[in-house]
Amino acid sequence: MAAETPFPGSERPVIVWLRDDLRLSDNPALTAAANCGRRIICVFVHDEESEGLRPLGGAARWWLHGALQEVDNALRARGGRLCVYRGVASAVMPQLAADSKAAAVYWNRRYGAGERRVDEAVKTALKTQGIEAKSFNGHLLYEPWSIKTKSGTPFRVFSAFWRAAHEAGEASQPLDVPSRLNLFHGPCRQASTPRVELADLALEPSSPDWAGGLRSNWRPGEAGALAQLEFFLEEHLNEYADLRDFPGRLATSRLSPYLRFGNISPRQLWHAAEAAANAATNPGVHRNLEKFRSELGWREFSYHLLYYNPEISSQNLQTRFDGMPWRTDADAIRAWQLGKTGYPIVDAGMRELWTTGWMHNRVRMVVASFLVKHLLIDWRQGEAWFWDTLVDADPANNAASWQWVAGSGADAAPYFRVFNPVLQGEKFDPDGRYVKRWLPELDGVSSSVVHRPWQRGSKVEVYPERIVEHDFARQRALDAFKGLG
DNA sequence: TGACGTTTATG
DNA sequence: ATAAACGTC
């Protein structure tokens, strides 16, 4: 067969390398490519081989598939397509750039250690080939190196970090989808590495197909993100501060998986929330806006911690926790994973997670506290389960939040702060609406005992026995903490 | 972005 | 007698 030009056309194209920025709006790399006037090739490389890249969990893989599909659809609607490859990115990208005779490769930055190593290797290889490599900020309001203490060290306390972030200036305005995209629409051939179909990546579960609950609860991709944002701003922003902690109210934004894969950007949320607040007339608008923004702030802080603590998902930030006498208890872990601990608020959360790939934020704190403190099981076990089951499993947020709950984090909850799952349930799910949604065992149980079904008179016979009793577990956790010195 | 036992204030 | 307030984990 005669050799054919992999990417025909006389003019040298620009490659946009998409990663955790699966959107067309507010995408600085894409906008820069559009502005440079060259033809644009949009590329995704599925890299499961490079050292230091953590393989995605099952739920996240499902989301990634849907988000990539949506990017491809959006590009096709504009006369282009998404070119998908598989392999070691630091080899594939330079080869692809050479084969396509690209003038430049643009991407939005990542902040994990392994990801930065890969991106650095790509940049070095491209420059050796005389190809321009340029990176942008599409993932954060404030990149880690732009926020520092007066003495030049990274922040370790959220409130101080967030105050300094405000002083660093307002997040910049989001970019529109480029009005003119000169997209490449050819067959995406490459001489060295064959292009693959999205389905070839096998990101979706096949048999058994466990993704039904995910499919019926989520619509991955940019259009789904914008729809969810509009719904949240319309229905829930104006009661956000008061109701976000009540899992029965569905008052949170539910935007986390979209942020994780960059189906929407924090800059878009920052400014869209402000616009919605300005248009509202009810009292407390400012308080709700600031509360929502501070949740974006926690995400920023997590990325700050990840950048300065590359091993955050495997190493205690406070090394004294290395001496914690974690228990080995496979039965307890299994009961926790399955939502059969005997505590309704814990069990409801874990079943919501298993069914939908997501869990309400308040309940995440309760189930995490239960695993780490009541069961004395290493937070890394919980982090790993969340990594595999959450559609929003995020390299920064997941690890930083688990360490926060465990008490091993930088600015962590004190270890002696042990959530009482009964009181948390009664306080934040007073009518039992949330636990009943996920626990059919509790049908018809009165709200007065729905969070303590073992109590005499609750008439709950089928509910799992408590795997550990609260007072005992609390004391055991406090003793273990005291032993850390 | 807790819980809990104890003390103190108020009637 | 009950509820704030307080100290400790």
Side-chain angles (χ1 to χ4, degrees), chain A residues 155-163 165 236 239-249 251-254 256 284 287-302 304-305 317-318 320-321 323-325 341 343-346 349 359-376 379 382-383 386 392 394 396-430 434 451-452 466 468-485:
Chain A
F155 279 100
R156 299 181 66 80
V157 176
F158 171 72
S159 55
F161 167 82
W162 198 225
R163 201 176 312 123
H236 294 302
E239 52 186 18
Y240 185 72
D242 291 324
L243 298 187
R244 63 179 297 278
D245 267 324
F246 292 81
R249 303 296 296 264
T252 59
S253 74
R254 303 178 78 96
S256 51
R287 187 170 141 264
N288 288 313
L289 175 64
E290 289 312 308
K291 189 70 187 168
F292 178 64
R293 284 179 163 178
S294 86
E295 297 304 320
L296 292 177
W298 277 100
R299 176 177 177 276
E300 298 284 318
F301 186 53
S302 294
H304 193 81
L305 292 175
L317 262 42
Q318 292 186 42
R320 69 192 179 107
F321 272 76
M324 178 64 86
T341 67
Y343 290 92
I345 191 72
V346 175
M359 195 195 305
H360 186 277
N361 176 257
R362 164 60 53 177
V363 189
R364 292 190 196 200
M365 292 193 284
V366 175
V367 304
S369 172
F370 188 84
L371 183 78
V372 170
K373 297 179 181 177
H374 286 74
L375 300 180
L376 266 190
W379 62 266
E383 197 271 351
F386 272 30
D392 64 33
D394 183 284
N397 283 331
N398 195 41
S401 302
W402 271 95
Q403 294 226 38
W404 184 88
V405 171
S408 63
D411 171 27
Y415 190 84
F416 51 76
R417 185 175 291 171
V418 179
F419 282 82
N420 180 327
V422 177
L423 296 184
Q424 285 284 311
E426 289 176 342
K427 182 172 181 187
F428 294 111
D429 185 33
Y434 176 73
H451 291 291
R452 42 181 108 212
R466 285 168 290 173
V468 69
E469 199 271 324
H470 171 71
D471 291 326
F472 162 79
R474 176 173 184 272
Q475 196 52 52
R476 183 173 63 178
L478 294 175
D479 292 344
F481 172 61
K482 208 182 298 175
L484 286 181

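No experiment lies behind these values; they were computed from the predicted model shown.
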Any idea how A:Trp162 and A:Phe158 line up, ring-wise: parallel (<30°), tilted (30 to 60°), or perpendicular (>60°)? parallel
Charged N-O contact under 4.0 Å between A:Asp245 and A:Lys427: no
Gap between atoms CD and C1', on A:Glu426 and B:dG2 respectively (whole Å): 15 Å
Rounded to whole Å, how long is the line connecting atom OH of A:Tyr415 with atom C1' of B:dG2? 14 Å
Between B:dT1 (C1') and A:Phe292 (CZ): distance, integer Å: 17 Å
How are the rings of A:Phe292 and A:Tyr240 set to each other: parallel, tilted or perpendicular (split at 30° and 60°)? perpendicular
For A:Phe161 and A:Phe301, take the angle between the two ring planes, folded into 0 to 90°, and tell me which bin it lands in: parallel under 30, tilted 30 to 60, perpendicular over 60. tilted
A:Arg417 CZ - C:dG7 P separation (whole Å): 17 Å
Polar-atom pairs under 3.5 Å, protein N or O versus N or O of nucleotides 3-5 of chain B: list them with distances, or write none.
{"residue": "B:dA3", "atom": "OP1", "partner": "A:Gln424", "partner atom": "NE2", "Å": "3.1"}
{"residue": "B:dC4", "atom": "OP1", "partner": "A:Asn420", "partner atom": "ND2", "Å": "3.1"}
{"residue": "B:dC4", "atom": "OP1", "partner": "A:His470", "partner atom": "NE2", "Å": "2.9"}
{"residue": "B:dC4", "atom": "OP2", "partner": "A:Asn420", "partner atom": "ND2", "Å": "3.4"}

Between A:Arg249 (side chain only) and A:Arg244 (backbone N and O only), is there a donor and an acceptor less than 3.5 Å apart? no
Given atom CG of A:Asp479 and atom P of C:dT8, what is their separation to the nearest angstrom? 18 Å
Take the angle between the ring planes of A:Phe321 and A:Phe481 and call it parallel below 30°, perpendicular above 60°, tilted in between. tilted
Nearest-angstrom distance from the residue atom NZ of A:Lys482 to C1' of C:dT8: 10 Å
To the nearest Å, give me how far apart CG (A:Leu296) and P (B:dT1) are. 19 Å
Can you tell me how far C1' of C:dC9 sits from CZ of A:Arg476, to the nearest Å? 17 Å
